[in-house]
Amino acid sequence: MRGVVLISGSGSNLQSLIDTSEQSKMDIRAVFSDQAEAYGLERARTAHVPAHFVDPGQYAGREEFDRELQGQIDAYEPQLLLLAGFMRILSPQFVNHFAGHILNIHPSLLPRYRGLHTHRRVLEAGDRQHGCSIHFVTDELDGGPLIAQAQIDVLAQDDETTLSARVQQREHKLYPLVVSWFATERLRTHDGVAWLDGEPLSKPVVYAQDEEIR
Ligand code: GAR
């Protein structure tokens, strides 16, 4: 399956998708970033994947930028678009163009903590559990149909750095797994929910703290 990945930063999730692309049956055709300095672009080049920076500063507004990004992505004819730490809100027109074919990974147990600074907010709230979620993207921010989540326990000594590191360890396993479900046609979305193996998911597939993700 042809995939395109969108990033804004370090690209550790991109790296895990590159490293597992054979098992997950997704061939990453290109990587796009809205940040020139995103280290993920370097990771893509090292893996011989075309790496593109599209500069938001060159466009009058969100719609114009998204239209340009959409055109450049379309040239690769992706069947799946993966947001992997892409930190821009996408316009409804962009999301609708790729509807049913965009996934996002988010560092919280959605619907808790949509948006930014999830690790800090978990610590401030005194939550005992945290984790990451993968969902289909709709034009509602972090609100599309949930597919899978991986949980971690929050420890008394945790700070944002340690929490984020443990959440990311789980992300790097969960994203390739969910991608493999999509690439093998086990996963789709319609009627506002995710469907896995022909069944609608009334709740996401959840991997508990000590459960192996495979
Ligand atoms: C990941 O933890 C991802 O969940 C988060 O950004 C990080 C990117 O790390 N995404 C969001 O916050 C999206 N709202 P990476 O660049 O090392 O993959």
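Order of listing sets the numbers, starting from 1, for every ligand and every atom in it.
Applying the salt bridge (Lys or Arg N to Asp or Glu O under 4.0 Å) test to residues at least two apart or on different chains, the pairs with a partner in residues 43-63 are E42-R45.
Of the charged side-chain nitrogens involved, none lies within less than 4.0 Å of a carboxylate oxygen, so that D27 and R2 do not count as a salt-bridged pair.
For G11, the closest heavy-atom approach to ligand 1 falls below 4.0 Å. A heavy-atom separation below 4.0 Å is not found between Q15 and ligand 1. Residue I105 places a heavy atom under 4.0 Å from ligand 1.
Screening S12, S164, C132 against E171 for a side chain to side chain contact (heavy atoms under 4.5 Å, CB included) leaves a single residue, C132.
Note: Y59 and F65 have perpendicular aromatic rings, judged against thresholds of 30 and 60 degrees for the angle between ring planes.
Contact atoms of ligand 1 toward E171: 1 (C), 2 (O), 3 (C), 4 (O) (distance under 4.0 Å to a heavy atom of the residue).
For the pair S12 and ligand 1, the shortest N or O to N or O distance falls below 3.5 Å.
To the nearest 0.5 angstrom, I105 atom CD1 is 7.5 Å from H172 atom NE2. How far CG of L155 is from CG of L163: 8.0 Å, rounded to the nearest 0.5 Å.
The protein heavy atom nearest to atom 14 (N) of ligand 1 is H106 ND1, 3.3 Å. The single protein non-hydrogen atom nearest to atom 7 (C) of ligand 1 is Q168 NE2, 3.7 Å, given as residue, atom name and distance. Looking only at heavy atoms of the protein, atom 12 (O) of ligand 1 is closest to P107 CD, 3.3 Å. Of the protein's heavy atoms, G85 CA, 3.6 Å lies nearest to atom 8 (C) of ligand 1.
Considering only residues two or more places apart in sequence or on other chains, Q209 meets the side chain to side chain donor-acceptor pair (under 3.5 Å) condition with none of them.
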